[in-house]
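Whatever order the structure lists them in is the order used to number ligands and atoms, beginning at 1. As the structure is a computational prediction, the values presented were derived from the model and not from experiment.
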Amino acid sequence: MSLHIPDELLTALSSAERVVVLTGAGISAESGVPTFREAQTGVWAQYDPRELATPQAFARNPRLVWEWYEWRRKLIQQAKPNLAHHALVDLEQAIPAFLLVTQNIDGFHWLAGSRDMVELHGNIARTKCFEEGHVVGWWPETDDVPPRCSSCDGPLRPDVVWFGEGIPEQALRTAFDATAGCDLFISIGTSAVVQPVASLPLLAKRMGARVLEINRDQTALSVLADWSLRDKASQLLPELIRRLGYPTNAIDGA
Ligand code: OAD
């Protein structure tokens, strides 16, 4: 299927030297991972995710929050990266200076093969000590829910950014520095409203970069973007790679 891709966009993409890509939950939606706001089904339907994804909620009821993340982890383990994730690996290999900035915590970009990337909101597969903050790779079998930290005996928690928490300093600086110097900024599958991430495309625009948005629905960014394509990422991105003639790593039906 040939999607409508403006020639001017193909020209901008083929001549781009420094590209920053921002992704959100929409790029994983077609892997079967519900977006942050759609995720609440079954027993979790009674909870507002913003009420669970906070340090206060964890301090109040660590078992409930830990079990919610366990449930989301299992959902993600049953899914896999889709053609959109693989197309971004092809793009990374074709562009001289490339950075992928993701808000997603599913780890699918890394699994697909992306390496020049930062995870602004952490990764659900990683666990850390609630008190001391260090990542914990392993803990002994226990009936404790959540398990306890072996050094301070405090509860363990997922290594993700909760509401009211700051984004990892280094990752954020890397994202802003690359955005300030890019010549093309691509926003994919994000409602582009959560700060400070939402200010990245505006910074790119202000610094003279062109901005491409690939999103199923209209967002606050749509009117500012040079191109705003209302397509599914897993259809449009592989088509872009094909039209640009870049080699692809995607295995058919990946
Ligand atoms: P949202 O659920 O806010 O937005 C997902 C966007 O993806 C929507 O605008 C959809 O239209 C679009 N979309 C859905 N399916 C798509 C597809 N197949 N192709 C292209 N676009 C598609 O998710 P995010 O913007 O990622 O933060 O949310 C940002 C942050 O808000 C999350 O990281 C989370 C939440 O608070 C934290 O957990 C700290």
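- Considering both main-chain and side-chain atoms, H121 comes within under 3.5 Å of ligand 1 through a nitrogen or oxygen pair.
- At a cut-off of 3.5 Å, with distance as the only test, no side-chain donor of S234 or N82 sits close to an acceptor on the other residue.
- Heavy-atom proximity to G189, at under 4.0 Å, picks out these atoms of ligand 1: 5 (C), 6 (C), 7 (O), 21 (N).
- When non-hydrogen atoms are compared, ligand 1 lies under 4.0 Å from the backbone of R216 as well as from its side chain.
- Taking the ring centre of W110 as origin, the terminal cationic atom of R115 falls inside the region bounded by 6.0 Å and 45° from the ring axis.
- Counting heavy atoms closer than 4.0 Å to ligand 1, residue D231 contributes backbone atoms (N, CA, C, O) but none from C-beta onward.
- Of the options N215, D217, N82, V160, the smallest heavy-atom separation from atom 9 (O) of ligand 1 is shown by N215.
- With salt bridges taken as basic N to acidic carboxylate O contacts below 4.0 Å, one links R157 and E165.
- Contacts between Q103 and ligand 1, counted as non-hydrogen atom pairs separated by less than 4.0 Å, involve both the backbone and the side chain.
- Within ligand 1, counting atoms from 1 as listed, the ones closer than 4.0 Å to a heavy atom of E30 are 17 (C), 18 (N), 19 (N).
- For the 3.5 Å distance criterion, the side chains of S114 and H85 fail to qualify, holding no donor opposite an acceptor.
- Near V161, meaning under 4.0 Å from any of its heavy atoms, are these atoms of ligand 1: 39 (C).
- Checked against a 3.5 angstrom limit, the closest N/O atoms of T190 and ligand 1 fall inside it.
- Considering each of V194, L221, I167, N104, the one bringing a non-hydrogen atom nearest atom 31 (O) of ligand 1 is V194.
- No more than 12 heavy-atom neighbours from other residues, nucleotides or ligands sit within 6.0 angstrom of CG on D7.
- L120 does not count as a contact of ligand 1, since none of its heavy atoms falls under 4.0 Å from the ligand.
- Remark: among candidates S31, S222, A233, the nearest residue to atom 19 (N) of ligand 1 is A233, based on non-hydrogen atoms.
- Using a 4.0 Å cut-off between charged side-chain N and carboxylate O, R126 and E119 make a salt bridge.
- A salt bridge is defined here as a Lys NZ or Arg NE, NH1 or NH2 lying under 4.0 Å from an Asp or Glu carboxylate O, and K205 with D226 meets this definition.
- Residue S191 has at least one nitrogen or oxygen atom sitting less than 3.5 Å from a nitrogen or oxygen atom of ligand 1, judged on distance alone.
- The distance criterion of under 3.5 Å between nitrogen or oxygen atoms is not met by I214 with respect to ligand 1.
- Side-chain atoms of F108 and I76, non-hydrogen and from C-beta on, do get closer than 4.5 Å to each other.
- Using a 4.0 Å cut-off between heavy atoms, W162 makes no contact with ligand 1 at all.
- For ligand 1 and A29, the ligand atoms under 4.0 Å from any heavy atom of the residue are 15 (N).
- Residues satisfying the ring-ring contact (aromatic ring centres under 6.0 Å, His included) test with F130, not counting sequence neighbours, are F58.
- Contact atoms of ligand 1 toward G24: 26 (O) (distance under 4.0 Å to a heavy atom of the residue).
- Taken from OG1 in T219 to CD in E213, the straight-line distance is 3.5 Å, to the nearest 0.5 Å.
- Each of the following atoms of ligand 1 lies closer than 4.0 Å to a heavy atom of F163: 36 (O).
- Cation-pi check for R72 over W68 is met; the charged atom lies under 6.0 angstrom from the ring centroid and within 45 degrees of its normal.
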